[in-house]
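Everything on this sheet refers to the single structure shown next.
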4 protein chains.
Amino acid sequence: MKREMVTKRPKQAIARKSTGCRRNAQTSRSILDAAAALLQEKGYANFTIEEVARRAGASKSTIYRWWSSKMHLLLDIYGGDVEKMIEIPDFGSIEAEIIFLNRAIWKIWRETPSGQAFKSMIAELQGDPAAFEHWRSRFLPERRRKLLFTLQRAADRGELRPDIQLETVVDILFGYSWYRLLTGQIDDDVEVISSMVHEIVQGISLKSAFPAEPV
Amino acid sequence: MKREMVTKRPKQAIARKSTGCRRNAQTSRSILDAAAALLQEKGYANFTIEEVARRAGASKSTIYRWWSSKMHLLLDIYGGDVEKMIEIPDFGSIEAEIIFLNRAIWKIWRETPSGQAFKSMIAELQGDPAAFEHWRSRFLPERRRKLLFTLQRAADRGELRPDIQLETVVDILFGYSWYRLLTGQIDDDVEVISSMVHEIVQGISLKSAFPAEPV
Amino acid sequence: MKREMVTKRPKQAIARKSTGCRRNAQTSRSILDAAAALLQEKGYANFTIEEVARRAGASKSTIYRWWSSKMHLLLDIYGGDVEKMIEIPDFGSIEAEIIFLNRAIWKIWRETPSGQAFKSMIAELQGDPAAFEHWRSRFLPERRRKLLFTLQRAADRGELRPDIQLETVVDILFGYSWYRLLTGQIDDDVEVISSMVHEIVQGISLKSAFPAEPV
Amino acid sequence: MKREMVTKRPKQAIARKSTGCRRNAQTSRSILDAAAALLQEKGYANFTIEEVARRAGASKSTIYRWWSSKMHLLLDIYGGDVEKMIEIPDFGSIEAEIIFLNRAIWKIWRETPSGQAFKSMIAELQGDPAAFEHWRSRFLPERRRKLLFTLQRAADRGELRPDIQLETVVDILFGYSWYRLLTGQIDDDVEVISSMVHEIVQGISLKSAFPAEPV
DNA sequence: ATATAAACGAGACGGTACGTCGGGTCTTTTT
DNA sequence: AAAAAGACCCGACGTACCGTCTCGTTTATAT
C-alpha cells in the first residue's frame, strides 16, 4: 500500500485534479511481481530492467518513469513494511525477545523475495555512493529502530548493564544477521540463534560468572 | 609474491618443462596496481576490465588469460596474505586480543585497497553462485582460522565458558566487522571497538553479575 | 529510396500496425554514406563495422539491427537499382547494344561506390557459403536478366545464330566485365570495349568469313 | 619443388655461407598441407594462420618467417606450377586447343586446392593494394602467357582474323573461367565449354555467316 | 670436438574488431 | 496523461586472430 513511497511521483496516487489516465495499479503490480520472481529465480546477476520489462509485459519507459534506478526497484521488492509488521511482545526476557525477532526476520528473508532483495541492495550500494548515503541515513535507521526500542525496554526493566551502548549492541546483532544472510546460512535453526543470543547476552567470558569477587 | 596463487595457471611458476615465454611479472604487477587504483578511485561500479586494461597499458586478452573473472582480480587485489601476516600476541586476555586483531584488520582495510576489494567481492558474489560456493568453502574458512585459534587459546587458558560455541563467536565478530565495513564505519575508533568487544566478552545482561546461583 | 529493400525488416516501412518509433531515415542514410565513403577511401580491408559506426556517429547496435552482416551493408551500398535504371535502347544492332550496356555499367562502377562494393561483395562471398548461395540464386539472376532480354530481342530480330546458348553469352560478357573490374581495368576506353564486343559478336575465326559451306 | 620461390628468403637454398640449421623441409610441407586442407575443409573465412599453425604442429613464428602474409601462403598453395605443366598440343584447331586448355585448368581447380586458393587470392587482393599491384604485374601475365602463345600459334597458322586483339581474347577467356569459378560452376561439362568456345570462335552473329556480301 | 648460428616450438603480449547485451533516453502511437 | 513499442547511442562484455616478441631447445655446419 505504501510501497510507492520510494518511487518518483508518489503524490499522484493521493490527490489528483488533472485529466489523463491515472497510474495503472495492475501494471505496477505486475512489474514488481516480475521483478521479485526474476530476482528469486535467476539471482542478481540476471536481474536486468530489460528482462523485468519483458516478463511484466511492460515497457522499459514505464519502469523508468516510476523507479529511477535498480535500487528503487529493489527497495520496493524488499517491501520493508512486512518486516515492520513484526510486533515484539514483552516477554520480560531480552534473550527471548531477540530470539523471537531474529527468527521472524530470517523467516521473512527465507520465505519472501526480501532476502534476495536485501542482499542485492547491499551489493548494488557498493557501486553507488549517492544511493549509499541515502540508504545509510534514511533506510537503515528505520530498520534498527525496532530492535533499539526492544533493547531500551529491557534496559528500562533493569535487565541490562547500565553502561551498555545500545547502538553497539544493534551493530552486533545486525552484523550477525547480515553475515549469515550474505554467507547463505539463514536456515531456521533455533539452536544456532539461541546459542548466538545466549553468548551475547551472557557474555563469553567465564569470569563473568564470578563477578566482583566479593569474599 | 605469492599473489599469483589464485590465478589460472599457477603451476608454471613452480615447475616448467615446456618452452615458451614466461609470464611477464611487470605486466601482471601493473595490471594489479591499475586495478587497485581504479577500485579505490572510482569504486566498484566503474571497475571494468576495459578500464583496467586501459590504465595498465595492457591488453584485455592478457587480463583474461590470467584472471578468468572479475572475482579473481578482486581476490588478487585483496591480497589476503597481508592480513595473514597479522600475528596475535598472547596477551593473556581475550578482550585485548580481539581488540588488537580488530584494529589491525580495520587498519589494513582502511589503508590498502583491501577494504574496497573486500566489499566489492561481497557484492560480486551475490550474482555468481559458482564463485560464491568456492569462496564460502575455500576463502572464508581460511580467514576465520586465526580468530578461531585465538579463541581456542583463550579457552585453553580457561578464560571462556566451557560451553561456548567458538564458531558462533567467530560469526558474531566477523558479522560486526563486515557490518561496519559495508556501512562505511571502520574509523580507528578505539572506543567503539573496545565497547563492542567488552559487550561481547562480558555480556550485556546485568544478571550475569549475579550468576551461578550457588545453591 | 528503396535501398532498404535488402535490410532485415522491410515491411514496417510499408504497413504498420504496432506503436513505437519508426526507423530514423537520417540515421540509416548517414550509415550508408559513411560505409560507402569508408569503402572508397580505405578499401575493403579497412571496412569494419566499428569504423562505419564511428564515422556515421551511429551505434554498432543500430547497424546490426538493420544489416545483419557485412554483406547486407555492401548490398545496400551497391544500390543495384541504379544499375537497373539503365535502359538499353533498341539500336537494331546487338553490337551497339552491348557496347552501350557495358559502358553504362562501367561508368557506374567507376563513378559511384558500386564498383568497390561489388568487388568487396565477391571477396566477402568467398568466405560465407550461406550468403553465397543466396546471392547466386537471388541477386545474380536479376542482374543477368537485362542482358538476357537484350540478347533475346536481337535473336528475335534474327540477328543471332539460332543455335546460340544465350546464357553462355551472358556468362562470357559478365565474365569479361568482372575480370576487368577485379583486375582494376575499367577505364572508359571505347576502343577496348568495342574490340571486345566485336570479337565476340563476329567471332575470332577467319573461317567464319567463308561459312555455310553449302553442301 | 620450386614452391618456395615466392617465400621470403629464397637464396639460402641456393648458396649458404653461414652455419646454422637449414630450413626443415618437413615442417614447410606440413604447413602447406595443413593450409591446403584447412582451406578445402573450412573455406576462406576460417583460414587463419593460427589454425594453420595448430594443425601443422608448427609455431606461428615459423609460418611468418617464411610466408610474410596470407597471400604468400595462398600463392604456395595455389602451386601454379602444376598449371604450368599443361602442354597444349598443336591440334591445328584453335577451338580444340582452347577446349583442351579450359578442361585441363578446370580439372586442376576441381581436384586440387588450387581452385579454392585462387578464389581466396582474388578475395584477399581486394583488401591489399600493394599485393594487388604485385600480383597484377607479376603473377597474372605469367598465367596469360600460355594462352597467348596458343592464340599466336593459331594466328600464325592463319586461323584467326588478322585484326584480332589477342590480349582482348585472353581477357574474354580468362573472364569466363573466373566467372564460372567465382560463381561455383566449374563442373566437367564438355558441352558448356564447347558451346562457350564455339560462340567465341565462330561469333554469335548470324550475319557472319554471310560475310562481305559479295553478291 | 666444439663453438656458433639458424630453425624451430611454445606461448606471452598489445592490439583491433567482432557480435551481443544491457543501460538509459527519446519519439511515436494508442488508449 | 499514461502506457506500450521500439529506435537509438553508449559502452562493456568476453572471444578470436593478428603480427611481434622472447625464451630455450635442437641441429647442422665451420672451425
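Chain identifiers are assigned alphabetically (A, B, ...) following the order of the sequence lines, protein sequences preceding nucleic acid strands; residue numbering begins at 1 within each chain.
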* **Distance test, side-chain N/O of D:Thr62 to OP1/OP2 of E:dG9, below 4.0 Å** => yes
* Within the side chain of C:Gln126, is there an N or O that forms a donor-acceptor pair under 3.5 Å with the backbone of C:Ile122? -> yes
* Nearest-angstrom distance from the residue atom CG of C:Asn24 to P of F:dG6 -> 17 Å
* **Salt bridge present between B:Arg54 and B:Glu50 (N-O < 4.0 angstrom)** => no
* Report the distance from atom CD1 of B:Ile63 to atom C1' of F:dC13, rounded to the nearest whole Å. => 13 Å
* Structure fact -> Regarding the side chain of B:Arg22, the nearest nucleotide among F:dG24, F:dA4, E:dT29 is F:dG24
* Asked: Looking only at atom types and distance, does a side-chain atom of B:Glu51 sit under 3.5 Å from a main-chain N or O of B:Phe47, one as donor and one as acceptor?
  -> no
* Do the side chains of D:Trp66 and D:Leu32 get nearer than 4.5 Å, heavy atoms only? -> no
* Structure fact -> Of the candidates E:dA12, F:dC8, F:dA4, the side chain of C:Trp66 sits closest to F:dC8
* Asked: Which whole-number value in Å describes the distance from A:Trp67 CH2 to E:dG23 P?
  -> 15 Å
* A:Arg65 CZ to E:dG24 C1', straight-line distance once rounded to whole Å -> 14 Å
* Asked: Any sub-3.5 Å donor-acceptor pair from B:Lys70's side-chain atoms to B:Ser120's backbone N or O?
  -> no
Nucleotides 16-20 of chain F: which of its N/O atoms have a protein N/O under 3.5 Å away?
residue, atom, partner, partner atom, Å
F:dC18, OP1, D:Ile49, N, 3.3
F:dC18, OP2, D:Ile49, N, 3.1
F:dC18, OP2, D:Glu50, N, 3.0
F:dG19, OP2, D:Tyr64, OH, 2.4
F:dG19, O5', D:Tyr64, OH, 3.4
F:dG19, N7, D:Lys60, NZ, 3.0
F:dG19, O6, D:Lys60, NZ, 2.6

* Using atom CD of D:Gln26 as one end and atom C1' of E:dA7 as the other, report the distance to the nearest whole Å. => 14 Å
* Base, sugar-phosphate, or nothing for C:Ala58, non-hydrogen atoms under 4.0 angstrom? -> sugar-phosphate
* Structure fact -> Whole-Å distance, B:Leu38 CG to F:dA12 C1', equals 13 Å
* Measure from CG on B:Leu73 to P on F:dG14 and round the result to the nearest Å. => 11 Å
* To do: Please examine the side chains of C:Trp67 and C:Ile49, heavy atoms only from C-beta on, and report whether any two atoms are closer than 4.5 Å.
  => no
* To do: State, with a plain yes or no, whether a side-chain heavy atom of A:Arg55 is found less than 4.5 Å away from one of A:Leu38.
  => yes
